[in-house]
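By convention in this document, chain letters (A, B, ...) are assigned in the order of the sequence lines, proteins followed by strands, and residues within each chain are numbered from 1. Quick caveat: nothing in here was measured; it's all calculated off a predicted structure.
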2 protein chains.
Amino acid sequence: MANIQQVAKKAGVSVATVSRVLNNNATVSPATRLKVETAIHELNYEPSMLGRNLRNSESRLLLVLIPSIANPFYSEIINGIQDTAISNSYHILLCETDSNPQRENIYFNMIKNKLADGAISMDPAVNMQKLNELAVYYPIIQCSEYDEGGVIPYVTIDNELAAYRAVKHLIKLGHERIALINVDEKFLFARQRRSGYEKALKEFNIPILEELIYHTEQLEFEYGTHAMRKLLQLEEKPTAVFAVSDTLAIGALKEINTCELRVPEDIAIVGFDKISFSNMTNPTLTTVSQPMYKMGCTAANMLINSIKGNKIENVILDHELVIRESTMG
Amino acid sequence: MANIQQVAKKAGVSVATVSRVLNNNATVSPATRLKVETAIHELNYEPSMLGRNLRNSESRLLLVLIPSIANPFYSEIINGIQDTAISNSYHILLCETDSNPQRENIYFNMIKNKLADGAISMDPAVNMQKLNELAVYYPIIQCSEYDEGGVIPYVTIDNELAAYRAVKHLIKLGHERIALINVDEKFLFARQRRSGYEKALKEFNIPILEELIYHTEQLEFEYGTHAMRKLLQLEEKPTAVFAVSDTLAIGALKEINTCELRVPEDIAIVGFDKISFSNMTNPTLTTVSQPMYKMGCTAANMLINSIKGNKIENVILDHELVIRESTMG
């Protein structure tokens, strides 16, 4: 395929002139324009998207940074982002960062180099300093997880309130020994959900016991199973469990089943996220429903508005406690 | 930030000359090179990745086309692709096509425009004609699903043999009324797995009954639940079910639980894929294990070899029947 240099040579003009013709720049004379267009036609030259991006500074691509696609929590958010992007003539590229700074850099460079028009970050372990630096110059939105002190607009839910309601639901059912299966509290949502757990216990004068609070490194099923195994080894077992993700709750449920304890009679359990699998377990899982699709749509709309140069406000979406068999007698 | 035109102007040379300097082209005189480098330094010009791509025709990015990230089957394959890509200094961009030709086109254009060096397609509903056309000029690999008559190299498993073994396992346990929950047979893997199902039944002189074969539109849980509901309405119920995906099998298991039938005593069930959920169900699911991580590594290696211009052979990987509680008494 011909390149822009060959077109310039054939037309007897500079590369910059060819570029001006391609951009419909009015400073090109009709005669020169004709020469260039003839050369383009004869060489069957197709201006590349790269070239167009360089010229127009617009790729119509949005990056979506996620830590891992294995977590089903992200898929509905991404559907929302995708649908909103497409109805605004944008397309999205998913970037699995694995919370690895080196991988993040590659994607940050795509934005710096105008290969994408902006980004939505959903990685709770993203390098916040770098993200904040980038957000000074480029449109960036945080979705679900965010930086409290930062400059980046975000859409999220009230994690503390949601956790408070989940734990209060268990207290109202008569539970006092309520375990918390939390993930590493380096994540903001983990700190917020613990805070909601403690708030509910305090309100009902139930002591907060460190032995009932278990932290996992990750959110995968196996970590929930392991956490539950430890909790079931306590001299006085918990009668209820609040897990900060459905994946952890489902892993815990598996261990309870293995030990031939009954849910909810022996141990009640509440998860968080309402992933599709939470309705396939036996018993089905009580969980906090985040409006994931809407969150994705909102994040995409915020990003597109930011690309247009509009001012963006943070958004806190509603959540809902979905009561199912794992807490119903 | 300065652009290449400003650098050229400041150095008093053409844009093409700046480009030659950036590419270390030997035809540039030392004096001109110095002028350009001084201008680059003074203007704090950073050559963009876009420019570099145009010049080097190498983006070090690989596209991975998946129909939907909601299907957990893909996540382990993607881990394999990602690890292999990174150890070869490539990065991947995930493209969720939703099996929509318009979205596919956007991503195909990225390849044509050298924004990516090649692609791995995992979309069973991809437009095969377009993919084959593209594969004449650009490195493309198919992973898991493939085109029997096409030119595109692929890595997959022997779906017919895997289904045959799964059904034979049920026959050996004494089952004769074995239902098949299949997806739309427009997909090659669906036709191949049905063929394996029929082969096993024929070998043991068990009649193939259309009433026991149910087709779903999609692979999500809910479709499996619906299929099982229909199968349980038959006058003579099946005593075993082979579902062509774990998602369908888990959906079916849910319906069997709801009807208070026992697994495997009343109905045994076998899935396909060994997704991580399949070990979290109660009872755990017997399933066909595809070497998903290895499949991803293989696909990435094939693509990188193809980018290097090497000849690529198709690869058929081994599979394994993992027997768990849903078929064990």
**Request:** Verify whether one side chain among A:Asn105 and A:Lys130 offers a donor that lies under 3.5 Å from an acceptor in the other.
**Result:** yes
**Request:** Find the distance between CG (B:Leu43) and CD (B:Gln6) and round it off to the nearest 0.5 Å.
**Result:** 6.5 Å
**Message:** Shorter than 4.5 Å, heavy atoms on both sides: which option in A:Thr281, A:Ile275, A:Asn257, A:Asn79 has the most such pairs with chain B?
**Reply:** A:Asn257
**Complete:** Checked A:Gln5, A:Glu222, A:Glu96, A:Glu220 vs chain B; the most non-hydrogen pairs under 4.5 Å come from A:Glu96
**Request:** I would like to know whether A:Gln82 and B:Asp98 meet side-chain hydrogen bond (donor to acceptor under 3.5 Å, both in side chains); could you show each step before the answer?
**Result:** CA-CA 10 Å; A:Gln82 177 119 291; B:Asp98 219 7; 5.3 Å; no
**Region of B:Thr225 in contact with chain A, defined by heavy-atom distances below 4.5 Å** = side chain
Given the options [options], which has more heavy-atom pairs under 4.5 Å with chain A than any of the others?
{"options": "B:Thr258, B:Ile86, B:Thr284, B:Leu253", "answer": "B:Ile86"}
{"options": "B:Glu76, B:His91, B:Glu255", "answer": "B:His91"}
{"options": "B:Ile250, B:Thr247, B:Leu93", "answer": "B:Leu93"}

**Message:** Heavy-atom cut-off 4.5 Å, strictly under: side chain, backbone, both or neither for A:Tyr137 against chain B?
**Reply:** neither
**Request:** Pick out which of B:Thr97, B:Ile78, B:Asp123 makes a side-chain contact (heavy atoms from CB on, under 4.5 Å) with B:Ile66.
**Result:** B:Ile78
**Message:** Does any part of the side chain of A:Leu248, heavy atoms only, come nearer than 4.5 Å to the side chain of A:Thr216, both counted from C-beta?
**Reply:** yes
**Message:** Let's go through B:Asp117 and B:Arg60 carefully: what are the C-alpha distance in whole Å and the side-chain angles of both, what is the deciding distance for salt bridge (charged side-chain N to carboxylate O under 4.0 Å, His left out) to 0.1 Å, and is it a yes or a no?
**Reply:** CA-CA 6 Å; B:Asp117 295 348; B:Arg60 308 300 296 184; 5.3 Å; no
